[in-house]
Amino acid sequence: MLAQWGPRVWAGGPMAFPYLVHVVLTAVALPFLTRAPETRASAAGGGRLTGVRHPRFRRVIMPMAPWIFGASGVAYAILPQLVGDRLGTWGLAYSTLVTVCTLGAGALVQPLAKRLDRTTSARAVVVSMVVMSAGLAVSAVAAEVRSPWLALGAATVLGAAYGIAVVSGLLELQRLARPDELAGLTGAYYALAYVGFLVPSLLAVLSGVASYPVLLGCLALVALAGTAVIVRHSRAHLPAETVSV
């Protein structure tokens, strides 16, 4: 709202105000963080993250993790620009609405992700990938017809997929990680997730050889392929089993 309708105190003022808000909020929070107590002592000697070699990490978590923020990237970095010519002067407000709907859906759906989770299968991860594929397919249609409303719906579906994916992946991770490597393995998980933010850049590069509807459709097929891999290994190498890592 500040970027769209903020006061023009100086040139570029409205575009700068949102950043100033975040600067103030982080400055206020920082002193409290420095007084936060540590809740776990460091393990003597540390150790390598053997969990990343666990078959379930490689065949269930890894095929899903990049899609966590890949979905977000498509939703609020790609879709608004594809329908930008239909928005007039409302471009910034629409982009903000898409972001709010994406992240809002991701937050609201997280309790459902916990209910979908099963210790005997990767059901919640599979559901996240199915919803992800559907959201990408709707995004391809929205890019073809250049409908702001359809793009908003696609972003909401992708947001729901993001919410289910991030929670289901963390639950899988917590079951297979040793207590002394949980933090490190969680870091590895998020590093894979942040790879997904490269998706908009990759699509921008490839847009010179194919249209966005085609690229988004291909992305949906890639997501379905990843879903098939996860389904195949959904009940294999469960943490309760003895697995050589």
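Along the sequence shown, residues carry numbers from 1.
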Cluster overlap [X] with [Y], hydrophobic side-chain contacts below 4.5 Å:
X	Y	result
V131	V141	no
L158	W149	yes
I68	L203	yes
I61	V222	yes
V130	V74	yes

Which atom of [X] lies closest to which atom of [Y], heavy atoms considered:
X	Y	answer
A160	A105	N-CB, 3.8 Å
L219	V199	CD2-CG1, 3.8 Å
G106	Q110	O-CG, 3.0 Å
G135	A154	O-CB, 4.0 Å
A210	L215	O-CD1, 3.8 Å
A124	A113	CB-O, 4.0 Å

Is there side-chain contact between [X] and [Y], with heavy atoms separated by less than 4.5 Å?
X	Y	answer
L20	F17	yes
L116	S168	no
M129	I230	yes
V166	Y190	yes

Donor-acceptor under 3.5 Å ([X] side chain, [Y] main chain):
X	Y	answer
R56	S234	yes
E144	A140	no
S121	R118	no
S147	A142	no

Rounded to the nearest 0.5 Å, how far apart are [atom1] of [X] and [atom2] of [Y]?
X	Y	atom1	atom2	result
T102	L79	OG1	CG	8.0 Å
L87	Q81	CG	CD	11.5 Å
Y94	L97	OH	CG	7.5 Å
L176	T50	CG	OG1	9.5 Å
M132	M64	CE	CE	8.0 Å
L173	H54	CG	NE2	11.0 Å

Under the side-chain contact (heavy atoms from CB on, under 4.5 Å) test against V98, which residue among L103, T156, V83, L152 passes?
L152

Do NZ/NE/NH1/NH2 and the carboxylate oxygens of R123 and D117 come within less than 4.0 Å?
no

Taking atom CZ as the centre, does R232 end up with more than 12 heavy-atom neighbours from other residues, nucleotides or ligands that are less than 6.0 angstrom away?
no

Against the six-membered ring of F32, is R35 placed for a cation-pi contact (under 6.0 Å from the centre, within 45° of the normal)?
yes

Given the rule in the side-chain contact (heavy atoms from CB on, under 4.5 Å) test, do S207 and Y212 qualify, once you have shown the distances and angles that lead to the verdict?
CA-CA 6 Å; S207 64; Y212 271 101; 3.7 Å; yes

Ring geometry between F69 and Y162 (parallel below 30°, tilted from 30 to 60°, perpendicular above 60°)
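Geometry flag for F69 against Y162: tilted rings.
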
Distance only, no hydrogens: is a donor on one side chain within 3.5 Å (strictly under) of an acceptor on the other, for H233 and R58?
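No.
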
Tell me, with the steps shown, if V126 and V231 meet side-chain contact (heavy atoms from CB on, under 4.5 Å).
CA-CA 7 Å; V126 171; V231 169; 3.8 Å; yes

